[in-house]
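Single-structure report; data block below.
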Amino acid sequence: MLIAGNWKMFKTPSEAASFCRALRESIGDVGNVDVAVCPPYVALANAIAELAGSEISVYAQNVHWAENGAFTGEISTGMLAELGAAGSIVGHSERRQYFGETDETVAKRAKATIDAGMKVIACVGELESERDANETEAVLARQLAPIVSEIGVHERLVIAYEPVWAIGTGKTASPAQAEDAHAFIRSIIDVPILYGGSVKPDNAGELMSQPNVNGALVGGASLDVDSFVSLCAAAAVVA
Ligand code: 13P
């Protein structure tokens, strides 16, 4: 089971360093749970340095598919690898909504990261209007198609199911809704599948005990050390 904290655009390099120091001291024994943090680019080096030699890994939040080139504002897999990042998130709904990310560019980012020997957490998920229109499965199938054709099942590929209506809203998918979506995703691509969307220490246990839920991608509740540690501990109970 993987619990990954997506910090989004929170924490400066020095804040990241003190968070990672505290996390390392307080995480304790989380058994079968793999723990990761995903800081902003500028805080990656500090997080990696503070967590060196620990079991906690560090991922970026996005990565470009080209090795280098005229792509202002982008970062390549080679740059992340040299820093010591374990991999990257790609296709987060905030990137799709606000930065023009498409199903195809998400798959290209994912493929390049896998090809660079790193791990990928590729995000999919429907809008509330799509769920209301009974289009959830069609949307997931459409988002997954280029990932399946570019990569397919791979040991370094993880999918995160993040229903957009549950992100940062406190409106968590019910365990049954998450399980249904995860089972559908698994019927398309059988890799570990994380749930994301208002995961908190008090709902993590129930969500993580669904058979097709293999971990969580956590936003808000990953920004505070105590809350992130208790969430990891709750997951460890059912892992
Ligand atoms: P919240 O946990 O804040 O709802 O965010 C979920 C998310 O987007 C993780 O990538």
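Since this is a predicted model, take the numbers as computed values, not measurements. Counting from 1, the numbers follow the sequence of the chain as shown. Remember, it's 1-based here, ligands and their atoms both numbered in the order they're listed. Side chains are part of it too, since the values below use all heavy atoms of this structure and drop only hydrogens, waters and symmetry mates.
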Distance-only criterion, 3.5 Å: show the donor-acceptor pairs between side-chain atoms of residues 49-64 and protein atoms not counting sequence neighbours.
{"unit_1": "Glu50", "atom_1": "OE1", "unit_2": "Arg21", "atom_2": "NE", "d": "3.2"}
{"unit_1": "Glu50", "atom_1": "OE2", "unit_2": "Arg21", "atom_2": "NE", "d": "3.4"}
{"unit_1": "Glu50", "atom_1": "OE2", "unit_2": "Arg21", "atom_2": "NH2", "d": "3.3"}
{"unit_1": "Ser54", "atom_1": "OG", "unit_2": "Leu51", "atom_2": "O", "d": "2.7"}
{"unit_1": "Ser54", "atom_1": "OG", "unit_2": "Ile56", "atom_2": "N", "d": "3.1"}
{"unit_1": "Gln61", "atom_1": "NE2", "unit_2": "Lys8", "atom_2": "O", "d": "2.9"}
{"unit_1": "Gln61", "atom_1": "NE2", "unit_2": "Cys38", "atom_2": "O", "d": "2.9"}
{"unit_1": "Gln61", "atom_1": "NE2", "unit_2": "Pro39", "atom_2": "O", "d": "3.4"}
{"unit_1": "His64", "atom_1": "ND1", "unit_2": "Ala66", "atom_2": "N", "d": "2.9"}

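- Close contacts between ligand 1 and Gly197 involve ligand atoms 4 (O), 6 (C) [criterion: under 4.0 Å to a heavy atom].
- If you look at Ile167 next to ligand 1, the close heavy atoms, those under 4.0 Å, come from the backbone and the side chain alike.
- The closest approach between Ala160 and ligand 1 stays at or above 4.0 Å for every heavy atom of the residue.
- Residue pairs meeting the ring pair (Phe, Tyr, Trp, His ring centres under 6.0 Å) criterion with at least one member in residues 130-174, sequence neighbours excluded, are Tyr161-His182.
- Side-chain atoms of Asn203 come within 3.5 Å of backbone N or O of Lys200 as a donor-acceptor pair.
- If you number the atoms of ligand 1 from 1 as listed, the ones under 4.0 Å from a heavy atom of Ala166 come out as 4 (O).
- For Lys111, the NZ atom counts as loosely surrounded, since its 6.0 Å shell holds 12 or fewer non-hydrogen atoms of other residues, nucleotides or ligands.
- Below 3.5 Å of separation, one finds no N or O of Lys200 facing any N or O of ligand 1.
- At least one N/O-N/O distance between Gly168 and ligand 1 falls below 3.5 Å.
- When side chains are defined from C-beta on, Lys171 counts as touching Glu128, because their heavy atoms get closer than 4.5 Å.
- The Glu162 neighbourhood of ligand 1 comprises atoms 6 (C), 7 (C), 8 (O), 9 (C), 10 (O), with distances under 4.0 Å to a heavy atom of that residue.
- Here the heavy atom of the protein found nearest to atom 3 (O) of ligand 1 is Gly220 N, 2.8 Å.
- Glu179 and Asn212 are linked by a side-chain donor-acceptor pair at a separation below 3.5 angstrom, with hydrogens and angles left out of the test.
- Backbone and side-chain nitrogen or oxygen atoms of Glu94 are examined, and none is located within less than 3.5 angstrom of a nitrogen or oxygen of ligand 1.
- Salt bridge Glu101/Arg109: present, at least one basic N to carboxylate O contact under 4.0 Å.
- In this structure, the side chains of Val106 and Arg96 come closer than 4.5 Å at one or more pairs of heavy atoms.
- Residue contact check: Ser198 has heavy atoms under 4.0 Å from atoms 1 (P), 2 (O), 4 (O) of ligand 1.
- Protein heavy atom closest to atom 2 (O) of ligand 1, with residue, atom name and distance, is Gly219 N, 2.9 Å.
- Residue contact check: Asn6 has heavy atoms under 4.0 Å from atoms 9 (C), 10 (O) of ligand 1.
- Counting heavy atoms of neighbouring residues, nucleotides and ligands inside a 6.0 Å radius, atom CD of Glu67 does not exceed 12 of them.
- With ligand atoms numbered from 1 in the order given, ligand 1 contributes 7 (C), 8 (O), 9 (C), 10 (O) to contacts under 4.0 Å with heavy atoms of His92.
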